[in-house]
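Okay, structure first, notes after.
Every chain is numbered from 1, with letters handed out A, B, ... down the list of sequences.
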Amino acid sequence: MTSSSVRVRFAPSPTGFLHIGGVRTALFNYLYAKQQGGKFLLRIEDTDLDRSEQRFTDDILTSLKWLGMEAEEPILYQSQRLDHYKKIADRMVDQGLAYRCYCTEAEVEATREQLMKEGKKAMYGRTCRERKEPLEGRTSYAIRAKFPLTGTTSFTDMVRGEIHFPSEDIDDFVMIRTNGVPTYNFVVVIDDVEMNISHVIRGDDHINNTPKQIYLYDALQAKKPVFAHLPMILGQDKKKLSKRNGETSTNAYRVEGYLPEALLNFLVRLGWSHGDQELFTMEEMIALFKLENVQVSGAVFNSEKLLWIQGEHMKRANPERLGKIVKEDFKSKFSDASFKELDSAFAAKLIPFLAPKVKLVKELAEQLHPLLEPGVMPVDASILKWNKDESVKVKIKAAIDVLRNEWRALIESNQKNTLGECGLDHAGVDLKLRSVCEANGLKLGDLTQPMRHFVTGHASSAIGLFDLFPMMNWKIINLRLEACLKS
RNA sequence: GUCCCUAUCGUCUAGAGGCCUAGGACACUGCCUUUUCACGGCGGCGACCGGGGUUCGACUCCCCGUGGGGACGCCA
């Protein structure tokens with residue numbers, strides 16, 4: 001036994017890639033479990049045999065692992081328990097708690113439309129509810145719940161309080177389909193009971209399912225869990241977030257270069273808050289999370305704020321870890337040569353400078369590549385400011401030539417690889433560049449723009465020249481300055 | 001249409017009857033700083049859906065409207 005009886009689960013269906021809304025649900029479950037000293041479990045709801053696919057299950061598992069939220073007990077797959085569910089349904093039929101329905105889908109659909117037309121709630125007409133014998137000429141049947149006709153089903157939601165449903169609004173929902181496969185509303189209860197789930201934390205699109213499920217808990221004579229319904233995550237159009245109105249695949253955020261803790265931090269603030277605090281570590285989220293503080297209305301997914309949070313986590317991330325992520329997830333941003341240099345001491349020194357200035361890990365990779373590439377980087381010299389004034393261009397080149405000759409001499413006399421090893425530091429480069437500018441009648445910006453462009457391979461680099469020159473291999477700097485002078 | 005949920009800046013939110021001339025964050029924007037971009041610092045713009053109650057006093061409590069969302073599947 002754990003110190004707590006709290007057991008929660010995340011129960012996605014593998015009919016699509018792990019959805020960002022699903023991640024938020026998983027997160028709230030996970031946070032609650034961890035904080036209460038309970039367990040976080042996983043169940044794959046694959047009873048829709050046609051739409052469930054292995055690749056989606058794989059994606060869900062990979063993504064959850066990436067996010068650091070893994071199941072603490074073996075994963076339950078509903079498709080492996082079909083017979084078990086069927087037996088329970090049959091037993092309920094014997095007990096008079098459910099019944100066989102011989103209606104065809106077309107017949108059901110017809111009464112549903114008729115009721116809608118009459119201004120009533122669209123539901124099953126209950127044709128077979130009191131039927132004792134199979135319908136003449138029909139062999140296949142579904143099993144429906146014999147939901148009470150009168151009374152009220154009530155429950156206390158941990159985020160919304162009391163919710164009541166009059167029985168006449170609840171349908172005799174299907175538990176077992178004609179093909180023998182059980183439905184969601186049925187199996188979710190059996191599994192939650194058998195997995196000993198104490199708290200059902202899920203999206204509020206399930207509020208309407210709750211009375212049906214409560215009927216099942218009672219029918220099974222099982223203890224009901226505590227329910228907590230989370231507000232929906234909305235797209236920019238304020239509708240439930242879907243592929244149409246936003247990027248919903250979790251893996252897409254990984255590919256973009258988001259850190260898992262940043263995504264989680266952003267998601268936890270969608271529907272939950274702790275005063276004015278915006279940034280949270282996983283430990284803080286676990287310590288501070290309270291279901292009582294969960295918001296009740298939907299929250300629009302704001303990708304700009306996500307980017308900002310990502311940038312903040314980038315500043316706080318361990319540089320070594322960032323290096324690993326770059327190697328694992330962003331190999332495509334490198335050449336063979338620059339990828340190899342990722343293991344160098346130079347790369348390790350670069351990351352702490354680069355990471356706080358970029359937002360995405362992908363951008364970190366894009367900044368690293370040209371700095372690690374041994375050769376010259378292609379430069380579009382047409383955007384350089386010196387094109388505006390030929391006389392300035394001449395002066396700049398003269399200044400660069402002076403610098404290059406001085407530094408080459410320095411390297412040669414010291415027999416070293418970098419200017420830093422020859423004693424030149426940030427302040428030294430600063431001083432040198434400024435004095436050369438003064439001597440040639442140039443502004444600092446005039447000189448640095450072309451140098452930066454050619455040396456870093458970027459029009460704007462996340463690392464300043466003063467920091468870069470001392471640590472970068474002189475041979476490469478020299479090569480690139482040479483290219484600059486020739487342009 | 002029916003049922004359920006919901007309503008503070010454009011967005012995420014603070015606010016548990018007087019602390020509110022409503023706070024923070026993102027975005028936008030002005031200035032400063034600056035070797036580009038960015039970061040940072042100091043400002044600005046910007047909201048309690050409407051109407052009734054309850055109360056000495058409502059952003060906060062109640063009711064009604066209205067708006068928004070969700071559900072109404074032999075999907076989950």
Check: Between B:rG69, B:rG23, B:rA76, which one does the side chain of A:Ser13 approach most closely?
Finding: B:rA76

Notebook entry, point to check: Can a side chain N or O of A:Arg112 be found less than 4.0 Å away from OP1 or OP2 on B:rG73?
Noted result: yes

Next item on the list: With C1' as the reference atom in both, quote the distance from B:rG50 to B:rG68 in angstrom, rounded to an integer.
Entry: 15 Å

Note to self: Could you identify the nucleotide paired to B:rC37, looking across every strand shown and requiring Watson-Crick or G-U wobble geometry with both distances under 3.5 Å?
What the structure shows: none

Next item on the list: Look at the side chain of A:Thr448 and decide which nucleotide, out of B:rC39, B:rU35, B:rU13, has an atom nearest to it.
Entry: B:rU35

Next item on the list: Please confirm whether any donor atom in the side chain of A:Thr183 sits under 3.5 Å from an acceptor in the base of B:rC74, or the reverse.
Entry: no

Check: For A:His206, which contact category applies under a 4.0 Å heavy-atom criterion: base, sugar-phosphate, or nothing?
Finding: base

Next item on the list: Assign A:Lys315 to base, sugar-phosphate, or nothing according to its heavy-atom contacts below 4.0 angstrom with the strands shown.
Entry: sugar-phosphate

Margin query: So if I take every side-chain heavy atom of A:Ile163 and compare against B:rC3, B:rC5, B:rC12, which nucleotide ends up nearest?
Written below: B:rC5

Check: Closest nucleotide of RNA chain B for A:Gln449 versus for A:Pro12: which of these residues is on the 5' side?
Finding: A:Gln449

Checklist line | A:Thr178 side-chain proximity, nearest of B:rU13, B:rC12, B:rC74 | finding: B:rC74

Next item on the list: For A:Cys103, answer base if it contacts any base atom (sugar-phosphate contacts may also be present), sugar-phosphate if it contacts only those atoms, and nothing otherwise; contact means non-hydrogen atoms under 4.0 Å.
Entry: base

